[in-house]
Each structure stands twice: as C-alpha cells, then as structure tokens.
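Report on the structure given below.
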Amino acid sequence: MLSALFRKNRATTTQAPEGLPVLDAEDTTGTTGTTGTTDTTDTTDAAAWAAGRRGELRELVAERGAVTVRGLGLRTPADVASVLRQVAGRPLAEHEAFAARDRHADGVYSSSAWPPSQPMCMHHELSYALECPGLLLFACLEPPVEGGATALADATAVLRALPADLVDRFAREGWLLTRAYNEGIGATLAQSFGTDDRGEVEAYCRAHAIDWSWQPDASLRTWQHRHAVVRHPVSGRPCWFNQIAFLNEWTMASEVREFLIDEYGPDGLPFNTRYGNGDPVPPDVVEQINKTYEAHTVRRAWQRGDLMLVDNIRTAHSREAYQGPRNVVVAMADPVRPGLPGPQRGSEAA
C-alpha cells in the first residue's frame, strides 16, 4: 500500500489536518537514521533513487496532488535536472514569464524574481499559456531563515468552496489576462517571448491566441482569453485553474498598485485580470478567491535538500514572504494544453 510509504504532517494548517504525503529517502532506501533527517543521501544516488520509485512518486501525485521527498541531499540545479529526467517525461521551456528567472537546464529554472516581502498568491504555473506544465518539481537548495514556504491548495476543493455565482460566471466567460511590457518593471520581451524582435513577437502572439498592440512609446500590450475552470486531463475532475486573483491589481500591495498607476496609468499595469467579457474583477471577488485559497492551504517549512512534486492542474501553489537567503529551484515537465474558450487566433488590436 502506498500509505505505508509516507507519514502525515502534524504541522499543517487546521483547515487540512491530514496535510500531504512526505517520503523519507533514508527510510525507503532501508538505511538507519532518524525520520526527518535531511541531506544524508549521496547526491549521486538521488537520480537512481528517483528512478527506482518513479511509479510510486507519480501514483502519489495522482492520488494526493503532491508529494514531498526528504533526505535526497539535493544541492545544485544539476541534481534537480538529473531527478527531473527520471520522474518526468518531456521538460517544458517557459514562455510568457511574468517575472525574470535564470535558466539552469532544460525545464529547470530559478524561482521568479519577486520581492521577498511580497507573497506570491496561489496560482497554477502558466495557466494563461496555451501549453502549461502538467508536473512541477520544487527543490530547496537553501531554506530561508523565516517564512518562504511553497504552500499548496487543492483546485477541486477550492472550486467546490467558491460561491456558485462567482464560479458560474467565470466558467461561462473565462478570464482575460492583460499585460503591459514597460521598461524597468516586470519581465522584458526577451524574457517572455525569447526575443525582442517585433516580427517574431507578433508571430508568437498569433500562434498562441494572444492579441497585441504596440504603443506610441514602442512598448507592447497584450490580451489573452483563457478558461477559468478545466477538467484534469487524466482524472477528469473539474479544477479551478487560473491566475485570476494572483495577477489582479487588487492583490497587489496598495502602495505598489498606486505607484504603478501613477507611473504607467490604469491600463499600463504590468499585469491585470478581468472577466472574460472584459469587465473589471471587483476587489471583493478577488478577496473571496484569496480567502477560499487560504482556507484550503497546506504549508510545510522547507528543509535543505527537500524535493516536492506537484500536479500543476490539480494543485495550486504560492510562495510566502520570507527573510534571509532562499534558493528554491523549479522544474517544469509533462506539458498539457487545457484548451481555449472558443475558437481564437491572436491578432493586432485596432
């Protein structure tokens, strides 16, 4: 039984007392040692350990939405890449990033550049893209002094808990992501599209159902219409799958929002979200979504060398504010295409 391979977390939030499964690499390799000990497995064995337990790990992710492995002794991005090759299929290159990252290997990146004092709210990686990762790996190479957890929330539970009228409208209309690529804030064109050549950017937008408009100052603005609720490609379960709250202006710290509006205008925010018909999403709706996420959040403090596998469709993740250095590497793999709310093709806005 898979349940014999993991222990339940005793320190998760009261809303989800069972937490999510944790495997101890020492325990499952048959070595002696104290449960919870980290950084004791030879890093040269990490990939072999993962290869030998690929089926168990993938079954746990399918069954529970995520699993944490402790004791693998992961120390470098190369270690993470070697494990990724054993537990996943095709790595996914990131496109349309909303914040800068460093690329370490195929599908392996640094965490997004984001102020440590500002949390990154619950979201699903690249849920606004035509192709997104089905599987995420997070690896803690250096834990922060305080905070910084990568918290998780079950997307089906969140969907069931949200008010019916809120869900019905987003399920019917989808959601709209607007972006403004302003110099000095957010990701650059090259970081998002892999190029700053206008023709190549337009070709990418056209192929990925993104509308665009070049501004008089040569900056770019884009709009993309996506599903808010999708069915899991394997289980078929409905999932609240989007970044409506995270990328909305009302989730920003008030002083940050006010500064950006003063600097770039209300339509020049680096990102914002709307209802699928273009109506603004009011602050009370954003607050309701974030409160529902929080009610279904499980969190566990990082330990050095931890590895976490996450089903990106079923499970949302966040990054909490932190103090001190923090080095958490993310890997993306097993791409899926959630589809579009109706036939679309990117075009230049009039």
Side-chain angles (χ1 to χ4, degrees), residues 92-104 108-121 123 125-132 175-226 242-274 278 280-281 286 318-319 321-322 326-330 332 346-350:
L92 178 67
E94 182 183 46
H95 295 286
E96 302 176 45
F98 61 81
R101 293 186 193 267
D102 294 327
R103 179 187 174 278
H104 296 304
V108 182
Y109 299 88
S110 68
S111 294
S112 297
W114 200 263
S117 61
Q118 298 292 326
M120 299 177 72
C121 298
H123 63 284
E125 202 70 29
L126 297 179
S127 59
Y128 48 80
L130 281 191
E131 189 173 63
C132 67
W175 65 293
L176 190 69
L177 172 64
T178 66
R179 300 185 65 172
Y181 292 85
N182 301 306
E183 187 175 352
I185 185 75
T188 66
L189 289 180
Q191 288 165 341
S192 286
F193 298 102
T195 179
D196 55 10
D197 179 84
R198 278 199 181 199
E200 292 181 19
V201 169
E202 291 177 5
Y204 180 95
C205 291
R206 194 173 290 111
H208 291 82
I210 301 172
D211 296 331
W212 74 91
S213 175
W214 297 102
Q215 302 304 296
D217 64 358
S219 65
L220 176 69
R221 293 185 183 176
T222 63
W223 302 261
Q224 50 209 98
H225 188 199
R226 301 295 186 252
N242 56 71
Q243 294 180 215
I244 293 166
F246 175 38
L247 296 180
N248 189 272
E249 61 180 303
W250 297 112
T251 295
M252 297 179 187
S254 58
E255 65 274 15
V256 174
R257 177 179 175 274
E258 290 167 7
F259 168 80
L260 291 174
I261 289 176
D262 287 344
E263 190 74 14
Y264 301 109
D267 294 327
L269 294 172
F271 39 76
N272 200 1
T273 61
R274 293 175 173 268
V281 179
V286 175
S318 66
R319 192 225 69 192
Y322 65 93
R326 179 184 186 271
N327 185 3
V328 174
V329 172
V330 60
M332 310 180 197
S347 62
E348 186 167 14

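Across all their heavy atoms, G278 and L176 have their closest contact at CA-CD2, 4.3 Å. Summarising the geometry of A321 relative to S117, their closest heavy-atom pair is CB-O, 3.8 Å, with the distance given to 0.1 Å. Among all heavy-atom pairs drawn from H104 and Y109, the shortest one is CD2-C, 3.6 Å. What you find for A97 and Q191 is that their closest heavy atoms are CB-O, 4.1 Å. When all heavy atoms of E131 and L92 are compared, the closest pair comes out as OE1-CD1, 3.7 Å.
The distance from the CG atom of L220 to the OG atom of S192 is 9.0 Å, given to the nearest 0.5 Å. Expressed to the nearest 0.5 Å, how far SG of C121 lies from CD1 of I244 amounts to 13.5 Å. Note that the CD atom of E249 and the CD atom of E258 stand 11.5 Å from one another [nearest 0.5 Å]. One distance of note links SG of C132 with CE of M332; it measures 10.5 Å at 0.5 Å rounding. Atoms NE2 and CH2, from H225 and W175 in turn, are 10.0 Å apart once rounded to the nearest 0.5 Å. Taking CE from M252 and CD1 from I261, the interatomic distance works out to 8.0 Å, rounded to the nearest 0.5 Å.
Under the 4.5 Å side-chain criterion, counting only non-hydrogen atoms from C-beta, N242 is not in contact with R226. Contact of the V201 side chain with the T195 side chain is registered, since non-hydrogen atoms from C-beta on lie closer than 4.5 Å. Here the side chains of E96 and I210 are in contact, with some heavy-atom distance below 4.5 Å. Side chains of V108 and V329 form a contact here, defined as non-hydrogen atoms less than 4.5 Å apart. The shortest distance between side-chain heavy atoms of Y181 and S219 does not fall below 4.5 Å.
Taking the six-membered ring for Trp, Y128 and F271 have ring centres at least 6.0 Å apart. Between F98 and W114, the distance from one ring center to the other falls under 6.0 angstrom.
Side-chain atoms of T178 and N272 form no donor-acceptor pair, as typed in the model, at a separation below 3.5 Å.
Side chain of D197 to main chain of E200: a donor-acceptor pair is present (N/O by atom type, distance under 3.5 Å, no hydrogens or angles). A donor-acceptor pair under 3.5 Å is absent between the side-chain atoms of D211 and the main chain of W223, judged by distance alone. When atom types are taken as modelled, the side chain of R221 and the backbone of A180 share no donor-acceptor pair closer than 3.5 angstrom.
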Can you list the steps and then say if F246 with S318 is a side-chain contact (heavy atoms from CB on, under 4.5 Å)?
-> CA-CA 9 Å; F246 175 38; S318 66; over 6 Å; no

task: Decide yes or no on side-chain contact (heavy atoms from CB on, under 4.5 Å) for S111 and R319, but give the supporting numbers first.
output: CA-CA 10 Å; S111 294; R319 192 225 69 192; 6.0 Å; no

One pair to check against side-chain contact (heavy atoms from CB on, under 4.5 Å): E125 and E94. What are the steps and the verdict? CA-CA 10 Å; E125 202 70 29; E94 182 183 46; 4.0 Å; yes

Next on the checklist: Would E263 and I185 count as a side-chain contact (heavy atoms from CB on, under 4.5 Å) here? Give the steps.
Outcome noted: CA-CA 11 Å; E263 190 74 14; I185 185 75; over 6 Å; no

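Shown here is E255, whose CD atom has more than 12 heavy atoms of other residues, nucleotides or ligands within 6.0 Å.
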